[in-house]
Amino acid sequence: MAKMMVSPMQCQMGFPSNSLQGRPMITSKMWNSLLLNAQRPKTRRGISAFKVLAVKSENGVVSRLEDLLNLDTTPFTDKIIAEYIWIGGTGIDIRSKSRTISKPVEHASELPKWNYDGSSTGQAPGEDSEVILYPQAIFKDPFRGGNNILVICDSYTPSGEPIPTNKRNRAAQIFSDQKVTDEVPWYGIEQEYTLLQTNVQWPLGWPVGGYPGPQGPYYCAVGADKSFGRDISDAHYKACLYAGINISGTNGEVMPGQWEYQVGPSVGIEAGDHIWCSRYILERITEQAGVVLSLDPKPIEGDWNGAGCHTNFSTKSMRDEGGYEVIKKAILNLSLRHMDHISAYGEGNERRLTGKHETANINTFSWGVANRGCSIRVGRDTEKQGKGYLEDRRPASNMDPYVVTSLLAETTILWQPTLEAEARAAKELQLQV
């Protein structure tokens, strides 16, 4: 997939009438940067005016620019580039900017705080727009290579207060609670996403304004008529492994043009850091590929699967012998706080959680063994072994992982219902705890 890597002004071209005589025909598969004489008369000094033409090359970029992008600065300087990444005002948009650091670092605590214009991201008023970035986690940069890094940050006011869109701060407080720490909460997050064609905002591989054949042949499929966007998925997979993200797998999804990748098992706050960094990398890859990334939970209305972010969760007590009883107690707690979780599980989720297409109805809590139409699914192996984990199938693809992971820990570890409420929920769910 080729992309123009020069500005429109540079691409304005004229071909002299004899410029291509005796040369091979330039095909659509050939991309090289050609320097041609413009059709202008030469001055008396013999100075010619030139225009740059960018035409297709095999590798998809203007070679001179590619050489600079791939330039390894390590032999020449100890300085590195740190890409500071944060969450914007919508709570789902990702922002970033770069700065030079004097030497390689191994931990986020070695990095300086920074700032940005919050009035341009919807996070501060224009008359007091400075928002401070606190580095929290670092990953290797798969785009720049070398010792360069990606830095996950959260945002604060100059006085040190977390701004309203900073969900990491609250999550960190929950995960630092000794009861939560002792339970070593594990998360495995299944991030679904949809690839859209640029400009038309229609899924990749779909006829513009039309529809492919019904769902069925696309899940985990191979073939040019069934799998759309595999190169993006594979590039993202490798980039995440390079970065140090705990990505554990990927697959094509039920709706054509939709994919999923899994991150985990991750412990505590790390789960949110890894998901946000993986999303940033995916945004960058789709940007380079000229494809739009959508985390909309129901990108296409009708008889098509939505996009979720199923979150697998366990505590030490759930993983130990007798853990199945702990899982059932956690399910009781989750049922009693169902609407609290729903309100925090992503915008537009009501369009996805309809009771169809492998979802439970948004207004009703349910659980089951191996049942993908429930709010909470328990695996057959967990039931058989009497220990393991549960899967919360309610989160939407655009959920904030800091919110979802910390809320699961809070509800199942820290929150205690009344005995009356617990007994009533147990009866309704037919659970014996």
Side-chain angles (χ1 to χ4, degrees), residues 1-7 9-11 29-35 52-86 94-116 133-153 229-248 250 261 263 270 273-291 293:
M1 189 176 295
K3 285 182 67 73
M4 302 292 281
M5 301 297 290
V6 294
S7 70
M9 289 186 66
Q10 289 175 307
C11 292
K29 293 183 179 180
M30 298 170 59
W31 288 89
N32 289 306
S33 181
L34 303 178
L35 197 62
V52 175
L53 170 70
V55 288
K56 272 189 173 180
S57 71
E58 291 294 339
N59 58 10
V61 294
V62 177
S63 60
R64 286 173 295 174
L65 186 55
E66 183 184 28
D67 289 343
L68 290 173
L69 287 170
N70 293 332
L71 190 64
D72 181 13
T73 61
T74 306
F76 309 102
T77 180
D78 290 333
K79 295 179 179 179
I80 65 168
I81 301 172
E83 190 74 20
Y84 279 48
I85 302 165
W86 71 96
I94 301 174
R95 311 288 180 122
S96 75
K97 60 178 183 173
S98 313
R99 71 176 296 169
T100 302
I101 304 298
S102 60
K103 62 180 181 179
V105 298
E106 295 184 358
H107 193 272
S109 61
E110 301 174 59
L111 293 167
K113 296 175 184 177
W114 206 7
N115 64 75
Y116 66 91
L133 290 171
Y134 286 32
Q136 299 290 359
I138 62 174
F139 298 87
K140 293 175 64 178
D141 188 337
F143 303 102
R144 295 188 174 109
N147 293 319
N148 302 303
I149 54 175
L150 305 177
V151 186
I152 296 296
C153 305
R230 185 184 301 277
D231 284 350
I232 291 173
S233 174
D234 282 354
H236 177 251
Y237 198 164
K238 288 187 175 181
C240 284
L241 287 172
Y242 177 94
I245 292 169
N246 194 21
I247 187 169
S248 51
T250 186
Y261 65 91
V263 172
E270 174 187 285
D273 291 339
H274 282 234
I275 283 291
W276 275 116
C277 192
S278 71
R279 285 177 176 178
Y280 170 82
I281 291 173
L282 185 55
E283 286 273 20
R284 286 284 305 275
I285 289 173
T286 54
E287 172 190 318
Q288 292 180 1
V291 174
L293 170 66

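Each residue takes its place number in the sequence, starting with 1.
- Of all the heavy atoms in Val105 and Ile138, the pair that sits closest is O-CD1, 4.1 Å.
- With a 4.5 Å cut-off on side-chain heavy atoms, Asp141 and Ile149 do not count as touching.
- Judged by the 6.0 Å distance and 45° axis criteria, Arg284 is positioned over the aromatic ring of Phe143.
- Taking SG of Cys277 as the start and CG of Asn246 as the end, the distance is 12.5 Å to the nearest 0.5 Å.
- For Lys113, the NZ atom counts as loosely surrounded, since its 6.0 Å shell holds 12 or fewer non-hydrogen atoms of other residues, nucleotides or ligands.
- Expressed to the nearest 0.5 Å, how far CD1 of Ile80 lies from OG of Ser102 amounts to 8.5 Å.
- For the atom pair SG (Cys240) and OH (Tyr261), the distance works out to 6.0 Å, reported to the nearest 0.5 Å.
- Put simply, the side chain of Ile275 reaches to within 4.5 Å of the side chain of Arg279, judged on heavy atoms.
- Between the CD atom in Glu287 and the CD1 atom in Ile285 there is a gap of 10.5 Å [rounded to 0.5 Å].
- Side-chain atoms of Asn148 come within 3.5 Å of backbone N or O of Ile81 as a donor-acceptor pair.
- Using a 4.5 Å heavy-atom cutoff, the side chains of Thr74 and Asn147 are in contact.
- In this structure Tyr84 satisfies the ring-ring contact (aromatic ring centres under 6.0 Å, His included) test together with Trp114, sequence neighbours excluded.
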Exercise for review: Run the numbers on Ile85 and Trp276 for side-chain contact (heavy atoms from CB on, under 4.5 Å), then give the verdict.
Suggested key: CA-CA 9 Å; Ile85 302 165; Trp276 275 116; over 6 Å; no

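- For the pair Trp86 and Ile152, the minimum side-chain heavy-atom distance is 4.5 Å or more.
- One distance of note links CG of Leu111 with OH of Tyr134; it measures 14.5 Å at 0.5 Å rounding.
- The backbone N or O of His107 sits less than 3.5 Å from a side-chain atom of Glu110, completing a donor-acceptor pair.
- In this structure, His274 contributes its side chain and Ile245 its backbone to no donor-acceptor pair below 3.5 Å.
- Counting only heavy atoms from C-beta outward, the side chains of Phe139 and Val151 never approach each other to under 4.5 Å.
- The two residues Gly145 and Tyr242 have their closest heavy-atom pair at CA-OH, 3.4 Å.
- Salt bridge present: Glu83 and Arg144 bring a charged side-chain N and a carboxylate O closer than 4.0 Å.
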Please table the atom pairs, donor to acceptor, closer than 3.5 Å between any side-chain atom in residues 232-239 and protein atoms at least two apart or in another chain.
residue, atom, partner, partner atom, Å
Ser233, OG, Thr250, OG1, 3.0
His236, NE2, Ser278, O, 3.0

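- Once rounded to the nearest 0.5 Å, the distance linking CG of Leu69 with CG of Leu65 reads 4.5 Å.
- The closest side-chain heavy-atom distance from Pro142 to Leu150 is below 4.5 Å.
- Taking each heavy atom of Ala137 and Ala108 in turn, the nearest pair found is N-CB, 3.6 Å.
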